[in-house]
**Student:** 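One structure, pasted below without further comment.
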Amino acid sequence: MATGALVVAALHSGPALCAWSPALRRALAVRDRAMDPGTVALTFDDGPHPRGTPATLAALERHGVRATFFLVGEQVERDRALAAEIVAAGHEVGVHCDRHRNLLRLSPAQVSEDLARAEAAIADATGRTARLYRPPYGVLTTAALAHARRRRWQPLLWTRWGHDWRASATPASIAAEATARLSGGEVVLLHDADHYSAPGSWERTAASLSRVFEEIERAGLTVGSP
Ligand SMILES: [Zn+2]
């Protein structure tokens with residue numbers, strides 16, 4: 001499957017390649033930028049998390065900012081009320097996965113099954129129909145893209161991150177990396193959970209947010225939806 005291999009290899013190298021190749025990105029209907037060039041979109045993956053999600057929601061609330069949370073089905077099942085709280089606070093939820101696995105290790109049937117479970121868990125808990133989709137590690141396969149197309153989900157990657165999943169990250173390093181030379185239309189990837197990253201990583205991310213907001217404002221931008 002030459003085409004499938006190309007898709008996988010191309011997207012495995014992540015957002016950088018998408019930025020270099022708008023044609024490929026368009027051909028695959030994968031976005032990595034916000035629709036409004038005057039805004040920056042903030043996205044949080046891997047939740048909900050019993051402590052990380054409330055801390056993130058509180059920081060967003062303090063700054064009057066809306067974000068997008070890419071939820072994990074198995075975590076939603078553990079705390080459906082918390083998933084509902086995200087939506088009640090005015091944020092958007094998208095599909096991340098049901099179990100947090102690299103899709104390259106799964107058969108097409110397993111990919112579809114995982115995504116269907118995630119979608120059902122999110123819909124049951126939040127009452128929302130997902131519009132956006134982002135796979136673990138940004139790794140898309142042809143099966144995942146086909147499933148997303150069938151469900152009318154928009155695949156969304158990102159243009160920058162804060163390496164906030166690492167044990168060595170600090171609030172300052174996260175904010176600096178997430179906002180250096182920030183331009184309009186960027187999509188920032190952060191995490192409100194440490195289920196699949198260094199223990200306590202959400203705490204450093206949550207602590208970075210006030211600086212992230214300051215830098216977005218300093219760049220003359222506002223936070224918008226992707
Ligand atoms: Zn993830």
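Side chains included, hydrogens not; waters and symmetry mates left out as well; all remaining heavy atoms used. In each ligand, atom 1 is the first atom listed, and ligand 1 is the first ligand listed.
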**Student:** Looking only at atom types and distance, does a side-chain atom of Glu77 sit under 3.5 Å from a main-chain N or O of Glu74, one as donor and one as acceptor?
**Tutor:** no

**Student:** Which distance, rounded to the nearest 0.5 Å, do you find between the CG of Asp46 and the NE2 of His100?
**Tutor:** 4.0 Å

**Student:** List the atom pairs, with distances to 0.1 Å, where a side-chain N or O of residues 120-130 and a protein N or O form a donor-acceptor pair under 3.5 Å, not counting sequence neighbours.
**Tutor:**
residue	atom	partner	partner atom	Å
Thr126	OG1	Ile122	O	2.6
Thr126	OG1	Arg128	N	3.1

**Student:** Under 3.5 Å, is there a donor-acceptor pair between the Ser201 and Asp194 side chains?
**Tutor:** no

**Student:** List-wise, which protein N, O or S atoms are found short of 2.8 Å from the Zn ion (ligand 1)?
**Tutor:** Asp46 OD1, His96 NE2, His100 NE2

**Student:** Just distance, no hydrogens or angles: give the donor-acceptor pairs under 3.5 Å from side chains in residues 216-226, sequence neighbours left out.
**Tutor:**
residue	atom	partner	partner atom	Å
Arg218	NE	Glu215	OE1	3.3
Arg218	NE	Glu215	OE2	3.4
Arg218	NH2	Glu215	OE2	3.1

**Student:** Apart from Val72 itself, which Ile, Leu, Val, Met, Phe, Trp or Tyr residues share its cluster (side-chain heavy atoms under 4.5 Å, direct or through members)?
**Tutor:** Tyr196

